[in-house]
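A quick write-up on the structure given underneath.
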Amino acid sequence: MTTAPTRIDRYPTRVTGEAIAQPRLDPTVWGTQAGPLSRRELERYDADGYHVFDNLLSEQEVQLYRAELQRLSEDPAVLAGGRVVLEPDSDRLRSVFEVEKVSEVFADLLASPRLTDVARQVLGSEVYIHQSRVNYKPGFGGAQFDWHSDFETWHAEDGMPKPRAFSVSIALSENYEFNGPLMVMPGTHRTFVPSVGETPPDFHKESLRVHRITVGSPGPEHLTRMAREHGIKQIAGPAGSAVMFDSNLMHGSNGNITPFARSNIFIVYNSVENALEEPYAAAAPRPQHLGNREFPRGM
């Protein structure tokens with residue numbers, strides 16, 4: 001009788017007691033081939049954990065995707081489906097997940113070579129979409145996203161083995177300093193900070209909507225230390241600009257109390273060599289629209 005080999009967890013999290021930060025055990029840039037990003041841009045991304053595209057979309061494309069954003073917000077089938085998350089203090093739309101399944105317009109963008117070629121260059125393999133969503137962050141009530149590392153959640157609750165993934169956030173409206181833009185702590189992707197506490201059942205139903213995350217976010221002592229060591233950078237920019245950032249980069253955003261919505265489309269590209277396994281710190285994986293478990297054929 002043979003037994004299955006014991007799975008090695010290189011990034012233990014949702015621990016009991018004290019959370020001890022550890023150095024990242026994997027590269028940030030996996031690829032060695034030339035691609036859309038220059039050598040200097042790759043070096044900066046490797047050091048800082050993020051890269052800004054000033055003009056990823058044209059004005060015409062921005063208008064197209066804004067119209068599609070509006071259409072999704074009014075589509076009864078979309079609103080009645082399980083892909084929707086509402087704002088914590090109202091029934092206003094916060095996010096629509098798995099947009100490539102409900103919008104051919106957005107599906108074409110997600111599969112565009114201007115994005116997938118960057119993903120292949122950085123991740124060093126074929127890639128697939130781990131997660132996608134549109135975020136509305138409406139004026140006068142768009143709630144904050146607390147500080148967190150995406151990889152911590154994807155590892156604990158989705159079963160992503162390594163931080164061999166990154167996100168792209170494309171602005172579909174102006175990102176001002178005052179309407180809750182993305183904030184990052186440059187360089188924090190080089191350290192993995194575990195979370196304390198067990199993952200509650202169906203935790204995604206709470207964590208995607210609440211103001212403040214109790215499980216899955218570093219404690220104040222870690223956040224204070226990282227902010228002092230690395231600083232905080234706001235990613236403001238016009239509609240059509242974008243930022244890509246490593247899956248382990250510490251990031252968040254303030255609430256939006258201004259009249260100006262901060263809408264964006266958010267895509268996560270993962271390596272086909274980093275496909276999801278069983279969750280590392282949850283009883284069951286999150287639903288398909290939050291963590292793609294279909295066979296990653298590549299793009």
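The pair Arg114-Glu61 meets the salt-bridge criterion, since a charged nitrogen lies less than 4.0 angstrom from a carboxylate oxygen. Arg40 and Glu43 are not joined by a salt bridge, as no carboxylate oxygen comes within less than 4.0 angstrom of a charged side-chain nitrogen. Note on Arg190 versus Asp46: salt bridge recorded, some NZ/NE/NH1/NH2 to OD/OE distance being below 4.0 Å.
Atom-to-atom distance recorded for Arg133:CZ and Glu98:CD is 13.0 Å, nearest 0.5 angstrom. Taken to the nearest 0.5 Å, the CG atom of Asp108 stands 7.0 Å off from the CD atom of Glu104. Atom CD1 of Ile265 is separated from atom CG of Asn135 by 9.5 Å, given to the nearest 0.5 angstrom. For the atom pair CD1 of Ile267 and CG of Leu109, the computed distance is 5.5 Å after rounding to the nearest 0.5 Å. Arg262 CZ to Glu174 CD: the interatomic distance, rounded to the nearest 0.5 Å, is 12.0 Å. Atoms NE2 and CG, from His148 and Asn248 in turn, are 11.0 Å apart once rounded to the nearest 0.5 Å.
The backbone N or O of Phe260 lies less than 3.5 Å from a partner atom in the side chain of Asn256, making a donor-acceptor pair. A donor-acceptor pair under 3.5 Å is formed between the side chain of Asn270 and the backbone N or O of Asn274. Proximity of a side-chain donor or acceptor of Tyr11 to a complementary backbone N or O of Leu25 within less than 3.5 Å is detected. Without hydrogens or angle criteria, Ser73 side chain to Gln70 main chain gives a donor-acceptor distance under 3.5 Å. Between the side chain of Asn175 and the main chain of Ser173, a donor-acceptor pair closer than 3.5 Å is present. Under the 3.5 Å distance criterion, the side-chain polar atoms of Ser149 are left unmatched by any main-chain donor or acceptor of Met250. At least one donor-acceptor pair under 3.5 Å links the side chain of Thr13 to the backbone N or O of Ser195. For the pair Gln121 (side chain) and Val118 (backbone), a donor-acceptor distance under 3.5 Å is absent. Remark: side-chain polar atoms of Thr224 are not paired, donor with acceptor, to backbone N or O of Glu221 under 3.5 angstrom. Thr199 contributes a side-chain N or O that, together with a main-chain N or O of Ala281, makes up a donor-acceptor pair within less than 3.5 Å.
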Check against side-chain contact (heavy atoms from CB on, under 4.5 Å), Thr191 and Glu229: CA-CA 12 Å; Thr191 302; Glu229 290 179 4; over 6 Å; no

Residue pair Met185, Trp147: steps toward the side-chain contact (heavy atoms from CB on, under 4.5 Å) verdict: CA-CA 10 Å; Met185 296 186 189; Trp147 289 108; 3.9 Å; yes

CA sep, side-chain torsions, deciding dist, call: Gln63, Arg66, side-chain contact (heavy atoms from CB on, under 4.5 Å): CA-CA 5 Å; Gln63 295 305 317; Arg66 277 181 179 169; 3.4 Å; yes

Residue pair Glu68, Arg71: steps toward the salt bridge (charged side-chain N to carboxylate O under 4.0 Å, His left out) verdict: CA-CA 5 Å; Glu68 186 67 356; Arg71 185 193 70 79; 2.9 Å; yes

side-chain contact (heavy atoms from CB on, under 4.5 Å) evaluation trace for Thr6 with Ile8: CA-CA 6 Å; Thr6 302; Ile8 297 175; 6.0 Å; no

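For the pair Arg7 and Tyr280, the cation sits on the ring face: its NZ or CZ lies under 6.0 Å from the ring centre, inside 45° of the axis.
Under the 4.5 Å side-chain heavy-atom criterion for grouping Ile, Leu, Val, Met, Phe, Trp and Tyr, Val168 is connected to Leu172 within one hydrophobic cluster. Hydrophobic clustering (side-chain heavy atoms under 4.5 Å, transitive across Ile, Leu, Val, Met, Phe, Trp, Tyr) groups Leu37 together with Phe166. Taken together through direct or relayed side-chain contacts under 4.5 Å among Ile, Leu, Val, Met, Phe, Trp and Tyr, Tyr50 and Leu223 form parts of separate hydrophobic clusters. Residues Ile129 and Leu56 fall within the same hydrophobic cluster, defined by Ile, Leu, Val, Met, Phe, Trp and Tyr side chains chained together at heavy-atom separations under 4.5 Å. Both Ile170 and Val134 are assigned to one and the same hydrophobic cluster, defined by single-linkage of ILVMFWY side chains at heavy-atom distances under 4.5 Å.
Residues Thr258 and Phe178 share a closest heavy-atom pair of CG2-O, 3.0 Å. The two residues Ala21 and His222 have their closest heavy-atom pair at N-CE1, 4.2 Å. Glu273 and Ser125 get closest at one heavy-atom pair: OE2-CB, 3.8 Å. Here the shortest heavy-atom pairing between Val196 and Ala19 reads CG2-CB, 3.7 Å.
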Would you be so kind as to tabulate the donor-acceptor pairs closer than 3.5 Å made by side chains of residues 231-245, with sequence neighbours excluded?
from: Gln234; atom 1: NE2; to: Glu177; atom 2: O; distance (Å): 3.3
from: Ser241; atom 1: OG; to: Pro238; atom 2: O; distance (Å): 2.6

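Other residues, nucleotides and ligands contribute over 12 non-hydrogen atoms within 6.0 Å of the CG atom of Asp9. Environment of CD in Gln288: crowded, with over 12 heavy atoms of neighbouring residues, nucleotides or ligands closer than 6.0 Å. Sparse packing is recorded around CD of Gln33, with 12 or fewer heavy atoms of other residues, nucleotides or ligands lying under 6.0 Å away.
Taking the six-membered ring where tryptophan is involved, the planes of Phe192 and His155 are perpendicular, since the angle between them exceeds 60° and thus also 30°.
Judged purely by distance below 3.5 Å, without hydrogens or angles, the side chains of Ser247 and Asp150 never pair a donor atom with an acceptor atom.
Asp158 pairs in a side-chain hydrogen bond (donor to acceptor under 3.5 Å, both in side chains) with only one of the listed residues (Arg293, His130, Gln131), which is His130. With Asp246 as the partner, the side-chain hydrogen bond (donor to acceptor under 3.5 Å, both in side chains) test is satisfied by one option alone out of His189, Arg24, His51: Arg24.
You'll find the ring centres of Phe106 and Tyr65 inside the 6.0 Å limit.
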